[in-house]
Amino acid sequence: MEIGKFPFGASVKFGWQKTKENFWRLIAVTLIWIVIDVMLSYFAKQFDKTTPFVFFIIQLGSHVVNMIMTLGITRIGLKLYAGEKFDVSELFKSYRLFLKYFFASILYCLAVFAGLILLIVPGIILAIRMGLYTYLIVDKGMGPVDSLKESIRLTKGNVFNLFLFWFVMLGVLLLGILALLVGIIVAVLVTMLAYIFVYRYLEIKKQAL
């Protein structure tokens, strides 16, 4: 990868190319995620009014499963960047990183919330600077604090570019919405892979300094 201008176009191109090359496996992963999420939500609703404690436990379990699958889809994205194949089971293979991700997410949310209270802008900046922590946990096995600190280091000097990148990804998602169901799924996959590309770009850029 050449290190030059921020890769707005290159990241989207990468996401689109990898989505096309691995379309059916990625669709399978996405459908499994959707089915599991819908099933857990359905079971939870059965106990919403009758047994609040059971409802709470199922809802908690749903959040845990979704976080594990978030780690899994990140793992899949990193494999695709490396040119490796993946199995659908990859969606669940990063469960050992759950606690790291859980505590990092709490710290991230607290930091961003505190920043938003301080006239909003600091919260947006913190959201951007710390936003790579998930990739660092999956890719490097970093702990909660180290992943947030490393994200701050990697994003130094690129806050404005990453802010613009958010809008580029928003545009991709809006195009997906216009193309209805399949379009939304494809747009989400392209966006996810584009973020992986940007993560690697920033990592390689820092190593080159």
Going by side chain to side chain contact (heavy atoms under 4.5 Å, CB included), Ile128 matches just one of Val159, Ile152, Asn158, Val112. Which one? Val159
In the structure I gave you, are the side-chain heavy atoms of Met69 and Val65 within less than 4.5 Å of one another anywhere? yes
side-chain contact (heavy atoms from CB on, under 4.5 Å) between Glu203 and Lys140: does it pass, once the steps are laid out? CA-CA 12 Å; Glu203 184 190 32; Lys140 310 291 185 183; 2.6 Å; yes
With a 4.5 Å cut-off on side-chain heavy atoms, are Leu162 and Leu202 touching? yes
May I ask you to check whether Tyr81 and Phe14 place their ring centres under 6.0 Å from each other? yes
Thr51 and Gln46: side-chain contact (heavy atoms from CB on, under 4.5 Å), yes or no, with the steps? CA-CA 9 Å; Thr51 318; Gln46 307 310 304; over 6 Å; no
Below 4.5 Å, heavy atoms only, C-beta onward: do Thr70 and Trp33 meet side chain to side chain? yes
For residues Phe165 and Phe167, establish whether the separation of their ring centroids is below 6.0 Å. no
Would one find more than 12 heavy atoms of other residues, nucleotides or ligands at under 6.0 Å from atom OH of Tyr95? no
Should the heavy atoms of other residues, nucleotides or ligands under 6.0 Å from NZ of Lys13 be counted, would the total exceed 12? no
Between Glu90 and Arg25 (salt bridge meaning N to carboxylate O under 4.0 Å), is one present in this structure? no
Is the number of heavy atoms from other residues, nucleotides or ligands within 6.0 Å of CD1 (Ile120) greater than 12? no
With a cut-off of 6.0 Å (strictly less than), are more than 12 heavy atoms of other residues, nucleotides or ligands near NZ of Lys20? yes
Tell me, yes or no, whether the heavy-atom count around Phe8 atom CZ, taken from other residues, nucleotides or ligands under 6.0 Å, exceeds 12. yes
Hey, what else clusters with Ile34 if you join Ile, Leu, Val, Met, Phe, Trp, Tyr whenever side-chain heavy atoms sit under 4.5 Å? Val38
In the structure I gave you, are the side-chain heavy atoms of Tyr108 and Leu126 within less than 4.5 Å of one another anywhere? no
Rounded to the nearest 0.5 Å, what separates atom CD1 in Ile204 from atom OH in Tyr199? 10.0 Å
Are more than 12 heavy atoms, taken from residues, nucleotides or ligands other than Phe102, located less than 6.0 Å from that residue's CZ atom? no
The criterion is side chain to side chain donor-acceptor pair (under 3.5 Å); which residues satisfy it with Gln59, sequence neighbours excluded? none
Are Asp139 and Arg200 ion-paired here, with the side-chain N under 4.0 Å from a carboxylate O? yes
Do the side chains of Lys149 and Met142 get nearer than 4.5 Å, heavy atoms only? no
Assess, by modelled atom type and distance only, whether the side chains of Ser94 and Tyr101 contain a donor and an acceptor separated by less than 3.5 Å. no
